[in-house]
Amino acid sequence: MWSTLPTEMKLAIVEVLDSDDVKNLSQVNRDTYAACLPSAFKNVKLANLRALQSFVDNVPRSYCRYIHFLELCTENNVRASELRSVTDTIISILAASPCIEELVLNTRGSLHHSIIPCFSHLSKLECLSIHNSGPEELKPLSERLVVAIAASVPNLKRLSLDRVSRSLMHAPELHGVPPYVPLVSGDDNIPDHPLLGTDLYLPSLLRLPTLRELVIRDTHLGDPRWASVPVNCKLQVVDLGSCFHENEGFNSVCIQRIMGAVGKTVDEFSLTTAVSDAVFAKPSVTPLQRLRKLHISPFFPVDSVVDTISNLAGSPIESLSMQCYADDVVDVCTALEDFLNMRVERGSGFYEKLARIDVTVTANDASSPLDPDEDAECKEAEQRLKELCRDLRLTSRFTLRLARSAGLVPTRLTSLSDGRVRSMTL
């Protein structure tokens with residue numbers, strides 16, 4: 001029966017199977033194995049250098065054309081002498097994978113700049129994440145490298161960067177002065193880019209016309225050129241984290257500067273720092289004219305919640321969501337109650353489009369579990385907020401999230417049939 005089915009029907013059946021079933025089915029015969037290849041290699045995770053090398057050595061290069069999602073990790077300690085070899089291994093995979101739609105690079109420090117040109121051939125790549133797991137002081141990831149890579153992707157829509165280091169070439173004023181932000185030197189050998197030239201600093205990301213979502217975390221955002229660089233993209237989703245080398249006030253100024261530059265097209269924003277500039281509170285002049293969804297991360301200072309939300313009253317916000325840790329639930333619920341009471345007092349015109357409030361309690365491995373009294377206090381605070389939302393005809397939802405998170409994250413594309421994500425992990 002199976003052997004008589006047309007190829008298109010076999011592919012449709014394989015598409016709805018999970019990874020174990022695909023693996024078992026592929027062993028039926030040679031024709032079935034061929035039919036399983038597109039699903040078996042659609043999502044590939046290579047968890048370390050050993051897996052990366054094993055994939056290159058054992059998987060026919062022609063199979064790479066089936067890859068749509070690829071996650072590469074180079075988190076083993078790589079000596080400087082091995083950097084070019086590791087980069088060449090990654091290039092060999094990317095060069096053979098023209099159908100990649102989403103790529104996650106987890107590096108421990110930098111890669112050789114010879115990797116940059118291969119991204120210009122990935123015409124289907126829309127979502128790119130680059131994360132540095134190494135210590136910035138010893139294994140920095142240069143802003144010049146990641147900007148050159150991002151600018152080389154022809155149709156990049158979603159970009160996520162984590163722990164990218166400023167370049168001494170673009171931030172000489174930070175060298176040798178407190179708070180001693182780690183800088184990258186020796187990256188002046190990265191070639192000029194056809195679009196950006198030598199301007200491979202982070203603010204140049206705003207010059208990428210296809211970009212729609214931008215996430216930057218644990219990265220120094222103090223470059224004043226965020227306010228002056230030409231904005232050629234129409235960002236809809238923005239998630240900016242703080243730099244732990246700088247204080248809260250500095251981070252707040254940096255994020256507000258970027259908000260002012262990109263705000264006119266932004267629909268969704270995630271905050272980790274307070275917003276103090278009153279310009280965002282005035283509907284006629286706020287840069288965030290289209291902001292409908294506001295997310296507040298668990299790292300946000302709770303005592304600044306009410307003031308910050310008030311200072312964003314100029315935007316047509318419809319949805320407000322907060323993440324917090326379990327030991328902050330009471331304070332967060334109290335802050336949201338205070339805000340809602342303020343909304344009632346101010347009357348029409350103040351958050352009149354607000355329709356829902358969501359609170360997500362995020363797990364924190366560093367915290368001890370709540371005792372029974374603390375847990376009861378949290379539940380009482382949650383119930384009070386729910387009742388207030390109900391009285392004000394607002395939708396509300398409380399969620400317990402087991403995995404730690406810090407805001408908006410570009411997520412994997414899942415199977416449209418059942419929401420599952422299949423992947424081959426080595």
Side-chain angles (χ1 to χ4, degrees), residues 217 239 241-242 244 248 251-252 255 268-276 280-281 291-409 411:
R217 299 223 184 98
D239 182 350
S242 300
F244 67 87
E248 176 69 22
N251 286 319
S252 179
I255 289 178
E268 194 168 347
F269 209 105
S270 181
L271 285 175
T272 58
T273 63
V275 174
S276 57
F280 294 99
L291 180 63
R292 296 186 305 110
K293 300 176 184 178
L294 176 64
H295 305 270
I296 297 179
S297 86
F299 304 115
F300 191 91
V302 177
D303 55 359
S304 298
V305 168
V306 177
D307 288 341
T308 291
I309 297 176
S310 298
N311 285 333
L312 291 171
S315 301
I317 295 174
E318 301 171 6
S319 173
L320 172 62
S321 66
M322 285 199 64
Q323 289 184 343
C324 66
Y325 297 120
D327 48 5
D328 290 328
V329 168
V330 174
D331 291 337
V332 165
C333 289
T334 300
L336 290 174
E337 283 185 71
D338 291 342
F339 158 68
L340 291 176
N341 288 327
M342 178 189 297
R343 177 174 176 262
V344 173
E345 293 172 2
R346 293 198 182 183
S348 62
F350 185 76
Y351 275 90
E352 60 184 358
K353 294 191 176 183
L354 185 65
R356 69 175 300 127
I357 290 182
D358 297 326
V359 176
T360 301
V361 183
T362 304
N364 185 357
D365 296 336
S367 298
S368 57
L370 300 178
D371 62 39
D373 290 340
E374 291 173 328
D375 186 56
E377 189 178 5
C378 288
K379 290 180 179 178
E380 182 181 345
E382 174 187 333
Q383 188 60 34
R384 283 199 312 270
L385 181 59
K386 284 182 176 179
E387 290 176 357
L388 181 56
C389 288
R390 186 163 51 248
D391 291 342
L392 298 176
R393 297 183 179 181
L394 300 175
T395 303
S396 64
R397 182 178 62 182
F398 281 72
T399 307
L400 175 63
R401 176 174 294 169
L402 297 180
R404 180 171 177 168
S405 178
L408 301 170
V409 184
T411 54

For residues 390-398, run the donor-acceptor check on the side chains, cut-off 3.5 Å, and write out each pair with its distance to 0.1 Å, sequence neighbours left out.
none

| said: Salt bridge or not between Arg292 and Glu318? Use side-chain N to carboxylate O under 4.0 Å. | reply: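 Yes, Arg292 and Glu318 are salt-bridged.
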At what distance, to the nearest 0.5 angstrom, does [atom1] of [X] lie from [atom2] of [Y]?
X	Y	atom1	atom2	value
Thr308	Phe300	OG1	CZ	3.5 Å
Asp307	Ser276	CG	OG	9.5 Å
Arg356	Lys293	CZ	NZ	9.5 Å
Phe269	Leu294	CZ	CG	9.0 Å
Gln323	Ser270	CD	OG	7.0 Å
Leu271	Leu312	CG	CG	6.5 Å

| request: Please report the C-alpha distance between Glu337 and Arg384 in whole Å, then the side-chain angles of each, then the deciding distance to 0.1 Å, and finally whether the salt bridge (Lys or Arg N to Asp or Glu O under 4.0 Å) criterion is met. | output: CA-CA 8 Å; Glu337 283 185 71; Arg384 283 199 312 270; 3.3 Å; yes
[X] (side chain) donor-acceptor with [Y] (main chain) under 3.5 angstrom:
X	Y	answer
Thr334	Val330	yes
Thr273	Glu248	no
Ser315	Ile317	no
Asn311	Val275	yes
Asp328	Asp331	no

| Glu387: what forms a side-chain hydrogen bond (donor to acceptor under 3.5 Å, both in side chains) with it, not counting sequence neighbours? |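 In terms of side-chain hydrogen bond (donor to acceptor under 3.5 Å, both in side chains), with neighbours along the sequence ignored, Glu387 is linked to Gln383.
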| query | For the residue pair Cys378 and Ala326, what are the closest heavy atoms and their distance? | reply |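 Taking every non-hydrogen atom into account, SG-O, 3.8 Å.
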| query | How far apart are the closest heavy atoms of Ser242 and Asn251, and which atoms are they? | reply |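 Minimum heavy-atom separation between Ser242 and Asn251: CB-ND2, 3.5 Å.
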| Intermediate values then yes/no, side-chain hydrogen bond (donor to acceptor under 3.5 Å, both in side chains), Glu268 and His295 | CA-CA 8 Å; Glu268 194 168 347; His295 305 270; 2.8 Å; yes
| request: Inspect the surroundings of CD in Glu377 and state if more than 12 heavy atoms from other residues, nucleotides or ligands are less than 6.0 Å away. | output: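 It does not: Glu377 CD has 12 such atoms or fewer within range.
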| said: Name the residue from Ile309, Ile296, Val306 that meets the side-chain contact (heavy atoms from CB on, under 4.5 Å) definition with Leu336. | reply: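 With Leu336 as partner, Ile309, Ile296, Val306 yield a single side-chain contact (heavy atoms from CB on, under 4.5 Å), made by Ile309.
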| request: Over 60° means perpendicular and under 30° means parallel, so classify the ring planes of Phe339 and Tyr351, tilted if in between. | output: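 Ring orientation of Tyr351 relative to Phe339: perpendicular.
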| request: Please step through side chain to side chain contact (heavy atoms under 4.5 Å, CB included) for the pair Val302 and Val332, ending with a clear verdict. | output: CA-CA 6 Å; Val302 177; Val332 165; 4.2 Å; yes
| Should Val329 and Leu370 count as side-chain neighbours, where that means a heavy-atom distance under 4.5 Å? |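 Not in contact.
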| query | Could you go step by step and tell me if Val359 and Cys324 meet the side chain to side chain contact (heavy atoms under 4.5 Å, CB included) rule? | reply | CA-CA 8 Å; Val359 176; Cys324 66; 4.2 Å; yes
| Is there a side chain to side chain contact (heavy atoms under 4.5 Å, CB included) between Phe244 and Phe299 once you walk through the steps? | CA-CA 11 Å; Phe244 67 87; Phe299 304 115; over 6 Å; no
| task | Take Leu340 and Cys389 through the test side chain to side chain contact (heavy atoms under 4.5 Å, CB included) and record every step on the way to the result. | result | CA-CA 8 Å; Leu340 291 176; Cys389 288; 4.0 Å; yes
